[in-house]
Trainee: 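Here it is: the structure, laid out below.
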Amino acid sequence: MPSSLTIKSYCKTTLLCALTVLTIVTARAQSRKEYLLQKGWKFSKDEQEGAQANGYNDAKWESVTVPHDWAIAGPFSGNNDIQKVKIEQNGEKEASVKSGRTGGLPFVGIGWYRLKFKVPEFSAGKKASLIFDGAMSHARLFINGKEIGSWPYGYNSFHFDITSALKAGQENMLAVRLENLPQSSRWYPGAGIYRNVHLLVTNATHIPVWGSYVTTPVIEKDFAKVAIKTNVETGDQAFKPLKMVTIIKDPQGKTVSENTSTLTETDQLAFAQNLVVKNPQLWSPETPVLYTAVSKLYDDGREVDEYSTSFGIRSIKLEPGKGFFLNGQVRKFKGVCNHHDLGPLGAAVNTAALRRQLTILKDMGCDAIRTTHNMPAPELVKLCDEMGFMMMVEPFDEWKTPKVKNGYSLLFDEWAEKDMMNMIHRDRNHPSVIMWSIGNEVPDQSKKDGNKIAKWLQNICHREDPTRPVTAGMDRLDDVLKNNFASLLDIPGFNYKPARYDEANGKLPQGFILGTETASTVSSRGVYKFPVEFFKDKQYDDNQSSSYDFEACPWSQVPDDEFVKQDDLGFVIGEFVWTGFDYLGEPTPYDSKWPSHSSYFGIIDLAGLPKDRFYLYRSHWNPDKTTLHVLPHWTWPGREGQVTPVFCYTNSPSAELFINGKSMGKQTKNKKDNQTRYRLMWKDVKYEPGTIKVVAYDDNGKAVGEETVKTAGKPHHIELVTDRTSIDADGNDLAFVTAKVCDAAGNLCPDATNLLNFKVTGAGSFNAIANGDAANLQSFQAPMMNAFSGMLVAVINSKESKGQIQVTASAKGLKNGMIAITAK
Ligand code: GAL
């Protein structure tokens, strides 16, 4: 690219405009400038000899934007991740051939990215750093042909000083080589630069990446002490008597506290400022109040940097026998575990998609997320701060002893401490982060010296962040009770052990226990199987599981089994259900039965549509909202006269079922019986087409609500519903449009599998599609898919122009569905 080109024409083809005009995310006075490197990337799969060199010809490479997941385009194939393997933690005794364990997508292999860019703000005496929020995986970075660093763990954020490799006033080349090894994961990891990349330009004297640490050591009703440690760098690291002025702004932007400090030699380039906030507004899931600390750094009277840290004021405490306290109030975690993928969007991070997930979880009454089994995207942590979710941030699924052949065990010795440090330094100012986990079901639980590794990792957490407790998800209960592994943790966390909480608590010193992973009930949205019985590892010919929520794995339970223990045992401090959302990979109970390639564990399916179980959790977890949900659907041609149980999930104590106006009796929740404590069930009713109605009653027998389900007629039209009618015209925002196949009267046709085609015109474009069927091999990226249980979801992207977006769904023999979305 000749440098003599005018800026205008250069902008059309490369990134200069992205750097200079479009994507400066922060530009503070004369000090720091931060750029989001999203546009202008070139990408090629497979090894490309010499691709790090500036002169390499990448003209034939694909043009992509970052975040980018190279594997989500598919195609799905059982050969992409075929392996003969024994999954030990599932209790398997023999190896069997498995496909779809990691999503059936082509994530294995090498990928190269190249980006040409100019940094107008970079000149002699400036510093430049590259920050990767995550790159999958084994990243090697090159600037102008020179290797400037590598970071193998694909989930972690990392940063490198690129000052010496960067050319001022000239074009630069960033090349990134990634490589995903086969058998390196137990789920779909994604592939590529799937999280954001930032370029930071500062003065030589500046506050480094993740340079502040804010704690709130004293919180009283009328004041809180805020302690802010801020590191500084001076280029050659020589001491300078720098000055820092820090203000704290309240959520309304009003300055509520201020401190000015000057470094003395003994401070060693680290400021320690103590401020006071009067009448602090406390952060909690219900009141996610955020303050901001803004620090200005002065060198010899000249402002050289400005750094903002968002934080919250909240206290956490654990007490034996009493449990977990947030701001002095006992509460139990109503949490879910989530993998990082976003269903049809793959691993490529998107704020709108994350926000939609959290909005759905909030409605369910969920207040906590465990980021299984790896570091979250920074966007998720920020949203949890803002929307009010407590987080357990977890780095690892294995330590020294492998679960998969080429997993983290290959890296552990060299990288574990560095990975922990980055995780903690990046996220320790977030009020949403309540605890660290040091690992999930690591086989080292049972190994000699496993407890020493646990102690070492916990110590790293305590050293880098003394304000948060540490847990681990343990499954080998007998071993960890004997070998001290469980007793040394701040919080003993158990996976799938409600039946043994009492015993474990009796043998442990802490006085409380957490359900780090619970339930693992399996179901397919809108699919019901007969007879309705409790099953473990049940398989059906159609690769689906029943939504009566009675099916689990040999090691896992139905939700009710965990609820009972959570409610009855005061020392149990909450649960994290496996999982909130379905995810790509781990298609238990069909691990060995292609084409299944995504999970059945989700309370919500891969398309983001709630399964029936959602309402069971909502009825129990969200006291602020009325839940009255009835299942199954009532369109069963051929089942006339056959037993077709009806269940009701409600927060009312009792309800009456009517079939075509005839009462089937009243059911009342029974605290003494685990099966009927949380759900109302009419197990003997026989199917006849028509209308089923449940009427809910309060404690006084007064009718407080009713819900009706009707037998549907033939598919007639498509109804479209969008999660948001107005989205940002920024090219990143998304609307999720649910399509329902309905009969003439507007009833959902629960068996409909019509092929729906989407057309998007105006100020938006089609992005992705999913129907939640774990065995569906249709592409997520073609604007057509068969409905599953009558529904699917299309993801619509904004462009960078304002206006109306028209979405039309059509199908043979059905009336079109249409909806308009505004891009603002
Ligand atoms: C657990 C494991 C999770 C997931 C789950 C499925 O043992 O920690 O990652 O595999 O089982 O039930």
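Both backbone and side-chain heavy atoms feed into the values below; hydrogens, waters and symmetry mates do not. Everything numeric in this text was worked out from a predicted model, so none of it was measured. Every number for a ligand or one of its atoms is a count from 1 in the order of the listing.
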Trainee: Restricting to side chain to side chain donor-acceptor pair (under 3.5 Å), what partner residues turn up for Thr579, sequence neighbours left out?
Mentor: none
Trainee: Does a side-chain N-to-carboxylate-O contact under 4.0 Å join Asp568 and Arg677?
Mentor: yes
Trainee: Under the side chain to side chain donor-acceptor pair (under 3.5 Å) rule, collect the residues that match up with Tyr188, sequence neighbours excluded.
Mentor: Asp69
Trainee: At less than 4.0 angstrom from any atom of ligand 1, which residues have a non-hydrogen atom? List them by chain and residue number.
Mentor: Arg186, His373, Asn440, Glu441, Asn495, Tyr496, Glu517, Ser520, Trp555, Trp578, Glu586, Phe601
Trainee: Parallel, tilted or perpendicular: which one describes the rings of Tyr540 and Phe535, with boundaries at 30° and 60°?
Mentor: perpendicular
Trainee: Are Tyr155 and Phe396 an aromatic pair, judged by ring center distance below 6.0 Å?
Mentor: no
Trainee: Tell me every residue that passes side chain to side chain contact (heavy atoms under 4.5 Å, CB included) with Val108, counting only those two or more places apart in sequence or in another chain.
Mentor: Pro182
